[in-house]
Every structure is written in C-alpha cells, then in structure tokens.
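Here the structure is laid out as structure tokens; the discussion comes afterwards.
Everything numeric in this text was worked out from a predicted model, so none of it was measured.
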Amino acid sequence: MPILVVPEILSEERVDEAAERINYYYTELTTKGRKLYSGSLFDEFASDQNPEGAFTPADFLSTGLLGVHVPGEAIVKFFSDAGLMKELERLLKQLPANVDLGDLNKPAFNRLLGSKGSPGFILWDLIRGHRVRGKNGKEYVGMGETLTSKLLARKRPRLIPIWDRRIGNQVKLPHSGDHWEGMWRALTDEDGKLTRRLTKIRKESRQHQISLLRTFDVAAWHFDKNEVWSQPSTSKESEPADDDGLIGDAADAVDDVPDVKPVQK
C-alpha cells in the first residue's frame, strides 16, 4: 500500500501561508508586467481548445507552461496515428471530467484509475509508449512520467494529479508508480480531512478556478522550491532565469525524453 507523505506546507498550522503562496503564484508579475510563473497560465490556457473527450495540439503545447515540452517526434507519432488517437480518446471519455479524486470510493477508484485494466492506467501506458509497437517491432515513441501526468492533468484536472521531481520530493515517493493511489488515500483518509483543508486553502487563496489537486500541487511545488519564504514587499519581481519560476524546472526535462526502453509505471 503506497504511503504518501502530506507536505508540511499543507498542514493545518500553515493553511494561511499555503494560501498566500498560491495567490502569489497566480498573481505576481515581473518588472516587465509578465506573469512571474508561467504555470499560472496552465489551468485556463486555450480553454476553447480543451474538449473533454479529445486531445488537441493545444493540450500538448500546454505542458510547456509547466516547464516541460513534448518532443516533436512524439507529437508527430500521436497525431499521425489515427488508430492510436482514437483509442486514447475512447479511454479518456471513460474518465469523468466533473468528479474529484477525493470523492471516489475504493471500487470507483479501482475501476477508473487503480487497476491495470482501468481506463486511466491503460491511457497512461499508451501515452508512455508501453503498449504500442511501431513498424519493424520498435517501441512506439512515448513520453516521460512528468509530461504524461501534466497532459492528463490538463484533461482531467480534478481527477489526475501532476507529478514532477519537486512533488516527488514533497510526498516522499521515488517515482510516479504509487502516486495516484497515494493521493487518493491521502484525500480520503480520516473522512476526507485533507480534502477539507485543501478546500479551505483554495478559498483563502482566492483562486477559485483551480482544482483541489492543483491547490495541492502549487503549494507543494512552491514550498519545495522556496522552503523559507515571505511575500516580497515589492509588487513586482524581476524576470526569472530561463529554468526558474516554472512547475517542472529544466531538470525535469531529463525524465521526458521518449523512452528507449520504457519502464512500467
């Protein structure tokens, strides 16, 4: 049974600080008037090109706002293989868009995400490249765990959590394999205590548009990046370095080259 550690920033004693960090993440501008964190644009990026039951080029572009980019070879493969895309979208449609991960009971979690035959698990495997073979028996080009999680979080922000190096550090999991079940257990343990706390943090942050999973993600990521932090007195921050200010720093991109020998989730 996966044991996921709830980050310190999401403890009851630090609700106010977590809310401040999230509000800062979504509202702070640089000295040039741009968003300090490009990830703050992810949640509502090209919303008119984010249908519930289909993947679009905008979905694959959106991960760049979180610091990782889909390799060109993978984009070509996904959008040139009509059969694969049809199967991806068939599976996607089996995952409800209006349900929170923490609202699932155990049978529903297993049916949607938690078993090897569930649509979520198979969808993950297909995007990762684990189940598809290309011409001449070569493994189909897939995507790394960070990229895959961010693509699926774009499509199902209430149901599928984001994974990256910083989130892994905070929840004390070495890889994404136990992430979904660990998050589900954390959200449902103690009669949903963490879910209620995240709801409170989101309300205090005034970022009502984001999901509870995104609330968890942003607070945990910002804490991992800036454990000791106080909101700057200035209203404008200087421009971030190329690999700074993004959920998924440049170091995360190492994970997201197409797998030569895919590792099972």
Side-chain angles (χ1 to χ4, degrees), residues 42-43 45-66 68-101 104 108-164 175-177 179-181 183-184 211 213-214 248 253 255-265:
F42 173 76
D43 307 88
F45 171 73
S47 58
D48 60 333
Q49 299 174 55
N50 186 12
E52 289 184 0
F55 289 98
T56 70
D59 296 329
F60 286 79
L61 282 172
S62 70
T63 66
L65 294 168
L66 299 182
V68 286
H69 301 272
V70 179
E73 187 179 359
I75 293 175
V76 170
K77 288 287 189 180
F78 283 118
F79 283 98
S80 64
D81 188 332
L84 174 61
M85 186 59 74
K86 184 177 180 180
E87 178 64 5
L88 292 177
E89 294 179 347
R90 183 187 71 82
L91 294 163
L92 180 64
K93 290 172 183 175
Q94 295 180 49
L95 299 177
N98 60 348
V99 173
D100 288 295
L101 179 62
L104 300 178
F109 172 77
N110 286 337
R111 176 173 55 84
L112 294 173
L113 300 171
S115 67
K116 290 187 177 181
S118 65
F121 190 95
I122 298 172
L123 182 61
W124 174 279
D125 259 9
L126 285 173
I127 295 172
R128 293 281 278 125
H130 294 167
R131 296 178 181 232
V132 184
R133 290 189 177 276
K135 294 180 180 179
N136 303 321
K138 294 182 179 180
E139 290 291 342
Y140 196 90
V141 174
M143 304 198 313
E145 57 187 356
T146 299
L147 261 174
T148 301
S149 78
K150 291 175 179 181
L151 176 64
L152 292 180
R154 152 93 169 174
K155 304 310 297 183
R156 294 294 183 267
R158 297 171 61 178
L159 193 64
I160 297 181
I162 284 175
W163 171 268
D164 68 11
H175 56 76
S176 65
H179 189 216
W180 288 359
E181 184 169 357
M183 283 293 294
W184 174 76
S211 67
L213 292 181
R214 191 77 166 112
D255 163 70
D256 287 297
V257 297
D259 292 322
V260 176
K261 294 182 179 180
V263 179
Q264 181 65 38
K265 177 185 172 188

- Specify the closest pair of heavy atoms between Lys150 and Trp163, including all atoms of both residues, with the distance to one decimal. CE-O, 4.2 Å
- Kindly indicate whether the side chain of Leu159, heavy atoms from C-beta on, has any atom under 4.5 Å from the side chain of Pro96. yes
- Item | Residue from Thr148, Val70, Thr146 passing side-chain contact (heavy atoms from CB on, under 4.5 Å) with Thr63 | Val70
- Any side-chain heavy atom of Ile127 within less than 4.5 Å of one from Leu147? no
- Between Ser62 and Arg154 the two heavy atoms that sit nearest each other are OG-CD, 3.6 Å
- Message: Which heavy atom of Phe55 sits nearest to which heavy atom of Leu88, and what is that distance?
- Response: CE1-CB, 3.9 Å
- Message: Less than 4.5 Å apart, side chain to side chain, heavy atoms only: is that true for Glu52 and Lys93?
- Response: no
- Query: Please walk me through it: do Ile160 and Leu95 pass side-chain contact (heavy atoms from CB on, under 4.5 Å)?
  - Reply: CA-CA 10 Å; Ile160 297 181; Leu95 299 177; 4.2 Å; yes
- Pairwise distance NZ(Lys86) to CG(Leu91) - rounded to 0.5 angstrom: 12.5 Å
- Message: Can you confirm whether Leu101 sits close enough to Arg158 that some side-chain heavy atom of one is under 4.5 Å from a side-chain heavy atom of the other?
- Response: no
- Message: Quick check: do Lys77 and Pro71 have side-chain heavy atoms less than 4.5 Å from each other?
- Response: no
- Rounded to the nearest 0.5 Å, what separation is found between the OG atom of Ser149 and the NE2 atom of His179? 7.5 Å
- Of the non-hydrogen atoms in Pro119 and Arg111, which two are nearest, and what is the gap between them? CD-O, 3.2 Å
- Item | 4.5 Å side-chain heavy-atom contact, Leu123 and Glu87 | no
- Query: Does the separation of the ring centres of Phe78 and Phe60 fall below 6.0 angstrom?
  - Reply: yes
- For the residue pair Ala58 and Ala46, what are the closest heavy atoms and their distance? CB-CB, 4.0 Å
- Task: Specify the closest pair of heavy atoms between Trp124 and Ser176, including all atoms of both residues, with the distance to one decimal.
- Result: CZ2-OG, 3.5 Å
- Task: Walk me through it: do Arg156 and Val99 pass the test side-chain contact (heavy atoms from CB on, under 4.5 Å)?
- Result: CA-CA 9 Å; Arg156 294 294 183 267; Val99 173; over 6 Å; no
- Query: If you measure from CG on Leu152 to CG on Leu92, what distance do you get to the nearest 0.5 Å?
  - Reply: 8.0 Å
- Message: Would you compute the distance between atom CD of Glu145 and atom NE2 of His175 and round it to the nearest 0.5 angstrom?
- Response: 8.0 Å
- For Ser115, all residues meeting side chain to side chain contact (heavy atoms under 4.5 Å, CB included), sequence neighbours excluded: Ser118
- Item | Any Met143 side-chain heavy atom under 4.5 Å of Leu151 side chain | yes
- Message: Keeping Thr56 on the side-chain end and Asn50 on the backbone end, is there a donor-acceptor pair under 3.5 Å?
- Response: no
- Would a 4.5 Å heavy-atom cut-off, applied to side chains only, mark Leu112 and Gln94 as touching? no
